[in-house]
Amino acid sequence: MNDSATLWWDTPTGCIRYVEQTLLPGEYRIVECRTVERLAEAIRRLEIRGAPALGVAGGYGVALAAATAKDGTYKRFMEEVERAAGVLRATRPTAINLGWGIDRVLSAVSRASDTVSAKEIALAEAEAIAREDTACCHAIGEHGARLLPDSCTVLTHCNAGALACSSWGTALGVIRSAVNAGKDVKVIACETRPLLQGARLTAWELVRDGIDVTVITDSTAAYLMRVGAIDAVIVGADRITRDAVFNKIGTYMHAVCAKYHGIPFYVAAPSSTFDPENIARDVTIEQRGREELSVMGNRTFIPPGAQVKNYAFDATPMELVSAVITERGVLYPPIDPGSVAAPKQRP
Ligand code: MRU
């Protein structure tokens, strides 16, 4: 099965390299990123996306800022790194992993005594985040695979695959591990309007791995649940507060439908996605531009004068969640996110 990386540090050139996700499935292109400003743009444009991948990008972003900081006093160096961290942090507000990755590397850097060691420490910490993310995904996969029947059809929404992480994936990691364990798993991928992460990215990853995948419109999901064609729903998460799971817009709708039809609704996420200090109403849900809804190719579908709401995420109340699959094991109701939050410093 394909376990190639989504973003990484290229040591010979001292820059970040990543798979440019807006071009898939038409083109597989690796992009070199040499500045924090370009990385911020890549995150805003969803060239790099998915909560765990944003955590890794945040970490590498701080390492990049440290590596490219102008020579000067240690105080000036830290000011420059912190300014860069602020630029990255402001790109996308909902996925908690972004700030978590940034803060972890900042915290490591603050323990350095000079700029030379700070640069080394920053990169080592960012590399550790990337490595740990892959390990988390494999552990999530192992725990989650046990929840699936030997033969089943699983619905997923958006892309919680290798592309959304350092590699392997969370929701798709569970599916990959189940297939590796010999289970016969078929996947229904919701296309995920408006940016089609399900149709473009999830389907691309699964086809590449030879896993049976069928793409549906988001609005087909309830009907398939009604006719008994779905055995389980598995999604990833951008943030898990004490009372809710934040994930791609449309996830809440699937959770309500799954509850109504008695279908298990699983969330697969690493501990770096947990935010037990907050509740749903504390969280900012990203709203994106009108053009993502109104323009397809060179055609405009919404008349001028009509307003548009383009929420990127929604919040699924915890009572609709059958279990949360983490690298440390499976949490069943009553789910207590406080029992799993990741440390903000290296464990
Ligand atoms: O807007 P995106 O594509 O970054 O949204 C991504 C999702 O909603 C994913 O489901 C979530 O980040 C989990 S990825 C393992």
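Counting starts at 1 for both ligands and their atoms, in listed order. Atom set for the values below is all heavy atoms of this structure, side chains included, hydrogens, waters and symmetry mates excluded. Residues take their numbers from the sequence shown, with the count starting at 1. These figures come from a predicted structure and were not determined experimentally.
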For Y252, the hydrophobic cluster (side chain heavy atoms closer than 4.5 Å, chained through members) also holds V256, L320
Next item on the list: Could you walk me through whether R49 and N159 pass the side chain to side chain donor-acceptor pair (under 3.5 Å) test, one step at a time?
Entry: CA-CA 9 Å; R49 49 146 297 282; N159 171 267; 3.2 Å; yes
| message | For E277, is there an ion pair with R239 - N to carboxylate O distance below 4.0 angstrom? | response | no
Under 3.5 Å, side-chain donor or acceptor atoms of residues 28-35 against the rest of the protein: list the pairs with distances, not counting sequence neighbours.
| residue | atom | partner | partner atom | Å |
| --- | --- | --- | --- | --- |
| R29 | NE | E27 | OE2 | 2.8 |
| R29 | NH2 | E27 | OE1 | 3.3 |
| R29 | NH2 | E27 | OE2 | 3.1 |
| E32 | OE1 | R34 | NH2 | 2.8 |
| E32 | OE2 | R17 | NH2 | 2.7 |
| T35 | OG1 | R38 | N | 3.1 |

Across all chains, not counting sequence neighbours, the ring pair (Phe, Tyr, Trp, His ring centres under 6.0 Å) partners of W8 are none
Please tabulate, one line per pair, the protein nitrogen or oxygen atoms found under 3.5 angstrom from a nitrogen or oxygen of ligand 1, with distances to 0.1 Å, or say none if there are no such pairs.
| residue | atom | partner | partner atom | Å |
| --- | --- | --- | --- | --- |
| ligand 1 | 1 (O) | R92 | NH1 | 3.4 |
| ligand 1 | 1 (O) | R92 | NH2 | 2.8 |
| ligand 1 | 1 (O) | K248 | NZ | 2.7 |
| ligand 1 | 3 (O) | R49 | NE | 2.5 |
| ligand 1 | 3 (O) | R49 | NH2 | 3.4 |
| ligand 1 | 3 (O) | Q197 | NE2 | 2.9 |
| ligand 1 | 4 (O) | G50 | N | 3.1 |
| ligand 1 | 4 (O) | R92 | NH1 | 2.8 |
| ligand 1 | 8 (O) | D238 | OD1 | 2.9 |
| ligand 1 | 8 (O) | N247 | OD1 | 3.2 |
| ligand 1 | 8 (O) | K248 | N | 3.2 |
| ligand 1 | 10 (O) | N247 | OD1 | 2.6 |
| ligand 1 | 12 (O) | A51 | N | 2.8 |
| ligand 1 | 12 (O) | D238 | OD1 | 3.2 |
| ligand 1 | 12 (O) | D238 | OD2 | 2.9 |

Just by distance, no angles: are the side chains of S272 and N97 close enough, under 3.5 Å, to form a donor-acceptor pair?
yes
